[in-house]
Structure formats: C-alpha cells, structure tokens
Amino acid sequence: MLLNILLIVVGVVLVIWGADRMTDGAVCIAQRLNIPQIVIGLTIVAMGTSMPEFFVSLMSALKGTPDLAVGNVVGSNIFNTLLIVGVSAMVTPIVIAKSTVKKDMPWSMLAAVMLTIMCLDSKIQRIDALILFVAFISFILYTLRQARKNKVETQEEEKKNYSPLMAVGLVLLGLACLVGGSNLFVDSATKVAQQLGVSEAVIGLTIVAGGTSLPELATSVVAAKKGQSAIAIGNVIGSNVFNVLMIIGITGLVKPMNITGITILDFCTMTIGMVMLWLFSFTKFKVERWEGTALTLLFAIYLGWLLSQVI
C-alpha cells in the first residue's frame with residue numbers, strides 16, 4: 001500500500017515535470033517558426049496545462065478503467081471551480097477579466113452540460129466524442145478570432161533560446177515522462193482502489209483529480225496573494241473547457257467508454273459550481289471573500305459526501 005502511494009506521488013511529479021518540459025520545447029519550436037505570440041499562448045501553452053489530465057485520462061481509458069478517465073476530468077473541473085477559485089478568493093477578492101466571464105465561462109458551462117447529457121446513458125461513444133472534439137476546435141477558432149479582433153495579447157511568454165535539437169529533445173523527453181508517469185499513476189491508483197475496496201470512480205474524482213490539479217491550486221493561491229489572480233483564474237476556467245472538450249473528445253475517439261461509477265450528482269456538482277462562479281462573476285466581474293467561502297463550502301460538502309460513500 002505504502003509503495004503504491006509513493007508510486008502515485010512519483011507518477012504525479014513525472015507527469016507535471018514532463019508537461020512543463022514538453023510545453024517549453026513546443027513553445028521554443030513555435031517561436032523559431034515565427035508563430036504569433038497570441039497563437040502560442042492560446043493553444044500550446046493552454047494545452048500544456050491540460051497535459052497531465054489528458055495523459056492520465058487517455059491511459060486510464062486504454063487500460064480499461066474508464067471511470068478513472070472520466071472521474072479525473074469531472075473531478076479536476078470541480079477542484080478548479082470550487083476549491084481553487086474558492087480558496088483564492090478567500091485569500092483576497094478576485095477581479096475576473098471580462099473576457100473570461102463573457103467567453104470562457106459560457107463555454108465551460110456548455111461543455112459541462114454537454115458532458116452531463118452525453119453520460120446519461122453511462123456511455124461515451126465515438127459520436128459523442130466527435131461532437132465534443134468539434135466543439136473544442138470551434139472554441140479554439142472562436143478564441144483566436146476574438147483575440148485578433150480585439151487585439152488581445154496573451155501574457156508574454158519568456159523567450160526560449162534552446163537550439164532546435166534541444167527543443168525537439170525537450171518535447172520527446174516531456175512526452176516520455178507524461179506517458180511513463182501517467183502509466184505509473186494509473187496503475188498505482190488502481191491498485192490502491194482495489195486494496196481499499198474503493199471504486200475507480202471515487203479514486204478518479206479525488207486522488208487522481210486532486211493530484212493533477214494541485215499545481216493550479218498552488219499557482220492561483222500565490223497569484224491571489226500577489227494581486228495577480230485574474231490571469232491565473234482565467235487559465236483555470238479555460239482549462240475546464242480543455243478538460244471536457246479536448247480530453248474526453250480525443251480519449252473517447254481513441255477508446256469509447258462505458259461509465260458505471262460516475263453519478264449524476266458528480267456531473268451536477270461540476271455544472272452547478274460553474275454556474276455559481278459565473279453568477280458571482282457576472283455582477284461586478286469580481287469574486288468576493290464570502291462567495292469564495294460559499295464555493296469552498298460546496299466543495300467540502302461534496303467531498304464529505306464522496307468519503308461517506310467509502311466509509
């Protein structure tokens with residue numbers, strides 16, 4: 001048991017480190033190809049933050065543990081919306097960018113509703129996955145078009161001065177760490193679930209989702225303390241869209257999934273949390289401390305319910 005828990009931690013570290021290396025290499029290659037900064041920020045960098053969830057979900061589906069795959073995405077979105085935004089707002093009130101409220105949040109709510117409806121029959125079929133992936137491509141095209149129209153600049157990325165060979169090496173190294181780490185993570189998490197008699201769905205919604213969301217939590221809380229939470233929170237909400245549309249879309253196309261352990265309450269918590277955040281943000285484009293407390297409290301209640309099903 002202790003060995004498997006240690007291997008879970010090692011898997012998380014490998015996945016997160018690998019995502020950083022692959023993103024660094026990809027950004028360097030994009031810069032050398034003179035790809036516009038806005039495109040790099042809205043595609044490569046944004047996808048890079050979702051790579052841990054993507055590889056863990058993909059490997060879970062391929063290894064025949066679809067509840068772990070879907071639970072990872074649903075749980076990550078719940079962590080992002082309720083815990084990360086909630087705790088950050090409790091540290092200091094968060095001013096949410098208008099573009100996040102008007103663009104990312106509606107897409108995030110739409111993605112949550114689409115996934116909930118598709119999973120009512122406890123299946124993610126290839127046609128469902130295709131619809132999600134087409135929606136993801138539409139989201140990317142819409143985001144790029146709006147960015148160009150409004151001349152919005154993404155946060156300036158540090159210039160990567162790696163040689164072409166080094167950049168390609170970083171991408172390959174990062175990819176290897178992502179594959180190896182996610183394999184290790186999924187195998188160890190599955191064994192822990194079996195030893196504890198806990199369902200793969202609960203492991204996915206808690207340990208797996210929490211492990212892949214911890215970097216965002218740490219980053220957002222630190223950013224909130226520095227008064228720079230708007231960008232961090234915008235990235236967190238944007239990752240909710242990537243998690244559902246890209247991750248479930250691609251994973252479902254590669255391997256259709258039968259879902260047995262994820263309940264309607266899990267999907268509803270994901271959707272309700274997103275609607276609450278949108279309502280809080282829509283009025284003054286700000287999340288106050290009491291609103292952050294409400295989001296965090298809802299997360300605590302949900303987590304308590306999950307644990308009560310295990311004990």
Side-chain angles (χ1 to χ4, degrees), residues 4 7-8 11-12 15 47 50-80 111-136 178-213 239-271 302-303 305-307 309-310:
N4 283 322
L7 290 176
I8 286 175
V12 170
V15 166
M47 288 182 193
S50 293
M51 281 297 104
E53 287 90 343
F54 173 64
F55 272 87
V56 168
S57 288
L58 180 61
M59 291 302 171
S60 298
L62 291 176
K63 286 176 176 289
T65 53
D67 282 347
L68 208 60
V70 178
N72 175 35
V73 166
V74 174
S76 290
N77 281 17
I78 291 171
F79 267 80
N80 286 348
V113 170
M114 286 174 66
L115 182 60
T116 300
I117 292 173
M118 287 176 178
C119 291
L120 288 177
D121 62 353
S122 299
K123 295 178 181 177
I124 292 288
Q125 301 180 34
R126 281 200 169 93
I127 185 63
D128 298 325
L130 180 61
I131 292 170
L132 291 175
F133 188 68
V134 169
F136 169 68
L178 280 165
V179 173
S182 56
N183 261 308
L184 190 63
F185 191 93
V186 171
D187 287 345
S188 302
T190 303
K191 288 176 183 176
V192 168
Q194 291 170 345
Q195 289 171 347
L196 292 176
V198 179
S199 71
E200 290 164 358
V202 172
I203 292 291
L205 289 164
T206 54
I207 297 175
V208 179
T212 55
S213 296
S239 78
N240 283 7
V241 180
F242 277 73
N243 286 349
V244 173
L245 301 184
M246 182 187 79
I247 294 175
I248 299 297
I250 295 177
T251 301
L253 283 171
V254 174
K255 177 81 171 179
M257 295 173 282
N258 290 320
I259 306 157
T260 57
I262 313 295
T263 68
I264 190 65
L265 179 63
D266 302 317
F267 289 111
C268 286
T269 301
M270 174 180 67
T271 306
Y302 170 71
L303 186 61
W305 179 85
L306 275 182
L307 294 177
Q309 303 305 300
V310 176

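Just the heavy atoms: all of them, side chains too, but no hydrogens, waters or symmetry mates, feed the values below.
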Step-by-step side chain to side chain contact (heavy atoms under 4.5 Å, CB included) determination, Thr206 to Val198: CA-CA 11 Å; Thr206 54; Val198 179; over 6 Å; no
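Annotation: side chain of Thr116 is in contact with side chain of Ile264 (closest heavy-atom distance under 4.5 Å). Counting only heavy atoms from C-beta outward, the side chains of Asp67 and Leu205 never approach each other to under 4.5 Å. With contacts defined as side-chain heavy-atom distances shorter than 4.5 Å, the pair Met59/Val179 qualifies. You'll find the side chain of Val15 stays beyond 4.5 Å of the side chain of Phe55, heavy atoms only. By the 4.5 Å heavy-atom criterion applied to side chains, Ile131 and Met118 are counted as neighbours. Using a 4.5 Å heavy-atom threshold, the side chains of Thr251 and Val73 count as separate.
A donor-acceptor pair shorter than 3.5 Å cannot be found between the side chains of Ser60 and Asn72.
The existence of a salt bridge linking Lys63 and Asp187 is confirmed by a sub-4.0 Å separation between a basic side-chain nitrogen and an acidic carboxylate oxygen.
Remark: side-chain polar atoms of Ser57 are paired, donor with acceptor, to backbone N or O of Ala69 under 3.5 angstrom. Checked by atom type and distance alone, the side chain of Asn4 never pairs as donor or acceptor with a backbone atom of Lys191 at under 3.5 Å. Counting only distance, with no hydrogens or angles, the side chain of Asp266 and the backbone of Thr263 share a donor-acceptor pair below 3.5 Å.
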